[in-house]
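First the structure, in the form of structure tokens, and then the observations on it.
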Amino acid sequence: MANTQWVAASAFVEWRDIPGSSVSVTRRDDLTMANLGVFEGQSDKVLEVIRSAYGIDLPRTPKIVTARGTSFLWYGPNQWLAVAAREQNRDLELELEPLFSGVASIVDQTDARAVVEISGHRARDVLAKGVPIDLHPSAFKTGDVAITHASHIGIVICQMDDNPTYQISMFRSFADSFAEWLFHSCEEFSN
Amino acid sequence: MRIQCPCCGERSLDEFTYYGDASVTRPNAFAPTAMSDYHAYVYQRDNRDGDHRELWYHAAGCHACLVVTRNVRSHIISDVRIAREVARERDAAALPGSTS
Ligand SMILES: [Zn+2]
């Protein structure tokens, strides 16, 4: 038998690209994700494990930190979402599980969440039409994370760089509903 | 109305769900007075003027349950705390041998 490379179908089915240069949208179907949930009273140990394995401190406030090709997003009190590109068949659940035996639960989120990136100098204006939090650079900066909603769909939003680029994830089954709102919101900035 | 979530920062009301009066404590279901205790716990409210302590759930955010102190005349929120911490302090204070 020949080696078969399975590729998961995108959660965004009704997808289209936005013409023009003021805003661009990209599906991130290439990510592996896992939720890290700390067991009662074990948060110091979890922080220590991450410190020795990745050389970073997990953020205690809504932020994202990245080390060794893996990002950790604050995901609520004592919870984080680990995200990495799925190159070389990486699987974050398998990578993290052995590190946290007895101190935290690791649950695969790769197929649970759909991820999209919105970038460009009008990205903020696109999002302002549905995201209720203040994304002005004085209030929300590169590295900041927020759990909120967009057009009534629960999202986790994270600013990745100063372009700005925003990475947004939602439950997979909401992907096309979110995209429909996103395309409408982008309409006035496309050409 | 906007609530200052201790985890997420200030967010608008549509991210929260009201969970009721934060000043009542679930009674012991096995006490001889359980029937009247539960009647008071579920139904009897004072509806006073001024500050109320209310439970609000950050449903579209961090999923923390909060104890919000809100003045029902002015809507001014004077305090927001994570409900779990409030409950733990209450339970610790209720332990035998506790001075408070
Ligand atoms: Zn919150």
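Here is how names work: the chains are called A, B, and so on, in the same order as the sequence lines, proteins then strands, and each is numbered from 1. Values below: every heavy atom of this structure, side chains too, minus hydrogens, waters and symmetry copies.
Residues A:Val156 and A:Leu127 fall into different hydrophobic clusters, defined by Ile, Leu, Val, Met, Phe, Trp and Tyr side chains chained together at heavy-atom separations under 4.5 Å. Placement of A:Phe140 and A:Ile64 in two distinct hydrophobic clusters is found when ILVMFWY residues are connected by side-chain heavy-atom separations under 4.5 Å, directly or transitively. A:Leu31 and A:Phe72 end up in the same hydrophobic cluster when Ile, Leu, Val, Met, Phe, Trp and Tyr side chains are linked at under 4.5 Å. At a threshold of 4.5 Å between side-chain heavy atoms, the hydrophobic network of Ile, Leu, Val, Met, Phe, Trp and Tyr places A:Met160 and A:Val116 in two separate groups.
When the shell of 6.0 Å around CZ of A:Arg51 is examined, it contains more than 12 heavy atoms from other residues, nucleotides or ligands. The neighbour count for A:Leu94 CG, taken as heavy atoms of other residues, nucleotides or ligands under 6.0 Å away, is above 12. Within 6.0 Å of atom OH in B:Tyr57, more than 12 heavy atoms from other residues, nucleotides or ligands are found, so the atom counts as buried in its surroundings. The environment of A:Phe171 atom CZ is sparse: at most 12 non-hydrogen atoms of other residues, nucleotides or ligands sit within 6.0 angstrom.
If you measure heavy-atom distances from A:Thr61 to chain B, you find no contacts under 4.5 Å at all. With a 4.5 Å cut-off on non-hydrogen atoms, A:Asp144 does not touch chain B at all.
Of the listed residues (A:Ile133, A:Ile147, A:Asp134), the greatest number of heavy-atom pairs within a distance under 4.5 Å of chain B belongs to A:Ile147. Here A:Glu40 is the residue among A:Arg60, A:His152, A:Gln79, A:Glu40 with the most heavy-atom pairs under 4.5 Å with chain B.
Within residues 2-18 of chain B, the residues having any heavy atom under 4.5 Å from a heavy atom of chain A are, by residue number, B:Cys7, B:Cys8, B:Arg11, B:Asp14, B:Glu15.
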